[in-house]
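Take a look at the structure below.
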Amino acid sequence: MSFKIVDLGGNWTLTDDWSGIKTFGRVPGSIYTALVDNGIIQNPLYRQNDVNLAWIGYTDWNYTFSFSINRDKVLSKVLVCEGLDTMAVININGKKIGQTDNMFVKYSWDVTDIVQPGVNTISILFTSAVKEAAERANKSAYLIPPQCPPSVENGECHVNQIRKEQCSFGWDWGPSFPTQGIWKPIYLENFNTAIISDLSAVVSKENSQWLISVAVYFTMTGNSTIKGQLFADLSSLNVSYNQQVFISAVNRIAKFVLAIPVSTSVHLWWPKGYGQQPLFNLSVTLTTDSDKSVKQIRLGFRTVELVQEPVTNNTDLGLTFYFRVNGIPIFLKGSNWIPADSFQERVTFDNLKYLLTSAVLANINSLRVWGGGVYESNDFYNLCDELGILIWQDFMFSVAMYPTREEFLESVTMEVKHQVQRLKHHPSIILWAGNNENEKGLRQNWFDTDKNFSLYYHDYLQLYVNTIKPIVNEEDWSREYLTSSPTNGKESEKEGYVAFDPDSEFYGDIHFYNYMIDQWDARWFEVPRMASEYGIQAWCNNETLAEVFIPSDYDMNSKMVSHRQHHVGGNLEMAAEVGLHLNLPDSTNPAVKFTDFIYLTQINQAMSIRSQTEHYRRHQSELLSDGRGLTMGALYWQLNDIWQAPTWASIDYSGSWKMLHYFAKSFFMKNLISPYYVDDKILDVYIVIDEIAIQEVKNGVNGSLSFAPLTHPKDFRSYLTSDILSLMKKSSLAVQGSLKIDMHVYTSFEPIHSWTVSYNLTTTSASVFRKSIDDLLSESGCPAKEKCILYLSSTDSSGVPVSSTWFALTYPKYSTLPPAEVQIQSVVKVDANTFQIELYSNAVALYVWLSLDEIKGHFSDNGFPMLTSAIVVMFYSTADVTADRLASELKVKSLVDVQTLSKNYNGYNTYGCHKLFLFFSFLFQNILETLIFFLKVVFHVQTCYKLIYIFLYFMLICISFIICRILVLFLKKKPCNRHMNISRVPPTNHNLHVLAQV
């Protein structure tokens, strides 16, 4: 058979006429990594190189490569480019064969008459995406906002004009590197007749029969009709299909359905924690007179439904929003995925496997592929299939309005068709979403679109409803398509696809960010149907920064600390958030002070996301009287990092877990103990269970919905399988158990009192223990909240321990913590990559943190309290290292190791003074927001208010800083009373939170 692929990857010659650079670059790859590999530029992530190297994005780069073709008598030659980034003109042997403008499209051209036997030369000229985006914006008949990112991001403008990775022009968590290059494989297909170019399939279930709807796409040249034999084989299920096909220029697709006999036992694909992930190989072969080509994909058998139904008989109270997989409602425990690197060629299979395995180890069962990055690689989705990670898949449109000119929509049509056809066979994908935050941005006037709302509304409908939606519905009828995220789902559709309140708690999903609230206090959070984004910043690990900082950068006031922060006012916000709960660091050594601040921001981030995630999980089976509740998903922002900086990620750029990721292991446990304050006087403890068989139960009177564990086969309303029976067995063990609550004083490892309660759950989440703070203190003998901490543990109905957690009765800054000294007692190597670490402490310690300078891996736990004198922690290294080397690098610290303001003032706590600082900071911010409102709305200033905002914002930051320093000087003379009693009233208005506290 003559079909052969000629790989054109390897070392290409790269030139730039403007700078005179001539070098080599690996393909697939980008211009940045080529310049790094050849020593022409430094590491782009080093210090401020994102700004220093901005010239690269403004430059046109020419890629050339010579290849040889044998004198084989093949009739057809097709050039295939799986990914060109982005504006490119392709020439072979001096003849133009095509051009591109979309990095998400697979392009192919017939080059039969151009490629000759012997040596051939291909050249691809990439023109600057930055300049092309600006040129398109200038030619636009009207403004398509936003024009530019905030100046703090050091990014480029008009990325929404082109079909390129949107965050490559900068984002609030990443740098601007407008890449250019051949970022995916490029090759020649040599054949005589016809070959298979692509294979896609949709798995569905009708009645009790599994169906595989297969589409086979062919490549051919010329105008003749090619006869071939098509053979499909699903050998593991003993199912095959044979068909004669006639392929022509107008008939390049073959579609057929493989019906799995009802008598065949099919093992179901389940999300992580619910069962196995069996995958079945589907192979399709096309045989013609002289060519034979084969394509293979892996399938999983599962059903998925997005359930949007009234929560009660009163339809005014909204609709549910949850996923049902194989008939079982699933609570999405997850995060959001951004591109793993600014340079996709650096993202290896091993990188992806490490990150995705880290997600699974943190009990994550779902990820949202965010709409400002890239459609991920086949490796990514294959790994998610294997690991049981459910994928919410955005299309790549984010936080912007977009053009709807004809050529733009034609390019989007090619993109959406290609990506849906490429990805729809993956069982891990459960949803398509048209964009990230564009419905919300349009309705809430983020970009001054209200001045011509009808124009931008028409564009919105044209892109997401009239263009993308029909393609998705035609290509993949097995999954829901939502036009946006967040969205009200069916309610948004009812309201014309742009809901009056796209962030409603009564419909769809929400994105929740509010940096002016106490993120450790659950009373401030909303009670939505699903939270698909929420988060708070923290610095990456200190060891990760060492790769890109120099010693003088380790200073809270250094230029690099400011440069790395791309969220406007982010460093001030982090300091204010830390100051609510922890004493701010005050070492005289700037480097120590900064590394302490890193540690404290990670504590704050971990505790904040713990509080919010547990809040959502507690409400999964609870419907409040006003209709809020039945929250069936919590996906925090974000899982991974794209560089070394303060971001919302739980895993930093080097792969090191931040404290948040260790906390995720706990707050995403299948058996969760969740203590929280109902108000200032009441402690409530919930038990939340999942990874069991559950189903919907409606109240017979008002029709209100709840989720009940399934323990009896007769209660299941669908077809019983061994998987369902196994889940029911897990349900039986989980619903009954015992909760033990130990009260500790900080000065002793022995509990001073214990409470034990039995529980028998009838829903997946319920309160099992409630007691007033006064009763807790009096019954236990705890002298004061500041002196005590709770340790909570549970066992299932068989007495097996299933969960544990801890809860401090006051925030750490108000607690009386002993001067604990945590020490590393021993490090023992268990096997090539596993170590046992024994820790000892002379007193109770909070947020015990283990770290390593260079050795990569993760601990079994970190950021934990030591409520016993000794504890064993495991470390899992990514490489084979010795115990001696690990011990030499290993460091440990706890909260009392941080030198803080309160320690400098003879033990006095600066509670009221920190509150005053926050008061001034947030008061100034509210004044500023009011001023901007008047500029925009009352005085109709539309062009310069952003510059005014930035100028005034930093002026007010300076004023807040001066007031803070005055307070500090005052405190040195007269410290604040650590027993200052400032009541914390229940929240009524988010924007007045600090005022209420002061």
NZ (Lys856) with more than 12 external heavy atoms under 6.0 Å: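 For Lys856, atom NZ is crowded (more than 12 foreign heavy atoms under 6.0 Å).
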Whether over 12 other heavy atoms sit under 6.0 Å from Lys891 NZ: yes
Considering all heavy atoms of both residues, which atom of [X] and which atom of [Y] are nearest to each other, and what is their separation?
{"X": "Leu14", "Y": "Gly25", "answer": "CD1-N, 3.6 Å"}
{"X": "Ile642", "Y": "Gly174", "answer": "CG2-CA, 3.7 Å"}
{"X": "Ser176", "Y": "Asn154", "answer": "CB-O, 3.6 Å"}
{"X": "Arg564", "Y": "Leu45", "answer": "NH2-O, 2.7 Å"}

Whether Tyr375 and Phe395 hold their rings parallel, tilted or perpendicular, with breakpoints at 30° and 60°: perpendicular
Plane angle bin for Phe65 and Phe67 - parallel if under 30°, tilted between 30 and 60°, otherwise perpendicular: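 Rings of Phe67 and Phe65: parallel, under 30°.
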Centroid separation under 6.0 Å, is that true for the rings of [Y] and [X]?
{"X": "Phe380", "Y": "Trp337", "value": "yes"}
{"X": "Phe594", "Y": "Trp539", "value": "yes"}
{"X": "Trp370", "Y": "Trp173", "value": "yes"}
{"X": "His567", "Y": "Tyr513", "value": "no"}

Any donor-acceptor pair under 3.5 Å from [X] side chain to [Y] backbone:
{"X": "Asn38", "Y": "Ala34", "answer": "yes"}
{"X": "Asp652", "Y": "Ser656", "answer": "yes"}
{"X": "Thr601", "Y": "Ile598", "answer": "yes"}
{"X": "Thr100", "Y": "Thr86", "answer": "yes"}
{"X": "Tyr554", "Y": "Ala546", "answer": "yes"}

For residues [X] and [Y], is any side-chain donor paired with an opposing acceptor at under 3.5 Å?
{"X": "Gln537", "Y": "Tyr515", "answer": "no"}
{"X": "Ser342", "Y": "Trp643", "answer": "no"}
{"X": "Thr348", "Y": "Asn351", "answer": "yes"}
{"X": "Lys164", "Y": "Thr179", "answer": "yes"}
{"X": "Asn52", "Y": "Asn49", "answer": "yes"}
{"X": "Asp50", "Y": "His563", "answer": "yes"}
{"X": "Ser650", "Y": "Tyr636", "answer": "yes"}

Member of Asp17, Asp16, Thr15 meeting the side chain to side chain donor-acceptor pair (under 3.5 Å) criterion with Ser19: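 The residue from Asp17, Asp16, Thr15 that satisfies side chain to side chain donor-acceptor pair (under 3.5 Å) with Ser19 turns out to be Asp16.
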Single hit among Asp341, Asn640, Asn541 for side chain to side chain donor-acceptor pair (under 3.5 Å) with Tyr653: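 Between Tyr653 and the candidates, side chain to side chain donor-acceptor pair (under 3.5 Å) is satisfied uniquely by Asp341.
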Criterion side-chain contact (heavy atoms from CB on, under 4.5 Å) on Glu165 and Trp183, from CA distance to verdict: CA-CA 12 Å; Glu165 179 184 19; Trp183 75 292; over 6 Å; no
I'd like to know if [X] pairs up with [Y] as an ion pair, taking the criterion as any Lys NZ or Arg NE/NH1/NH2 lying under 4.0 Å from an Asp or Glu carboxylate oxygen.
{"X": "Asp394", "Y": "Arg368", "answer": "yes"}
{"X": "Arg163", "Y": "Glu415", "answer": "yes"}
{"X": "Glu135", "Y": "Lys131", "answer": "no"}
{"X": "Glu533", "Y": "Lys440", "answer": "no"}

Audit row: Tyr847, Gln602, side chain to side chain donor-acceptor pair (under 3.5 Å) steps and yes/no: CA-CA 10 Å; Tyr847 306 107; Gln602 290 206 17; over 6 Å; no
Passing candidate, side chain to side chain contact (heavy atoms under 4.5 Å, CB included) with Asp555, options Ser558, Ser552, Pro551: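 The option that passes is Ser558.
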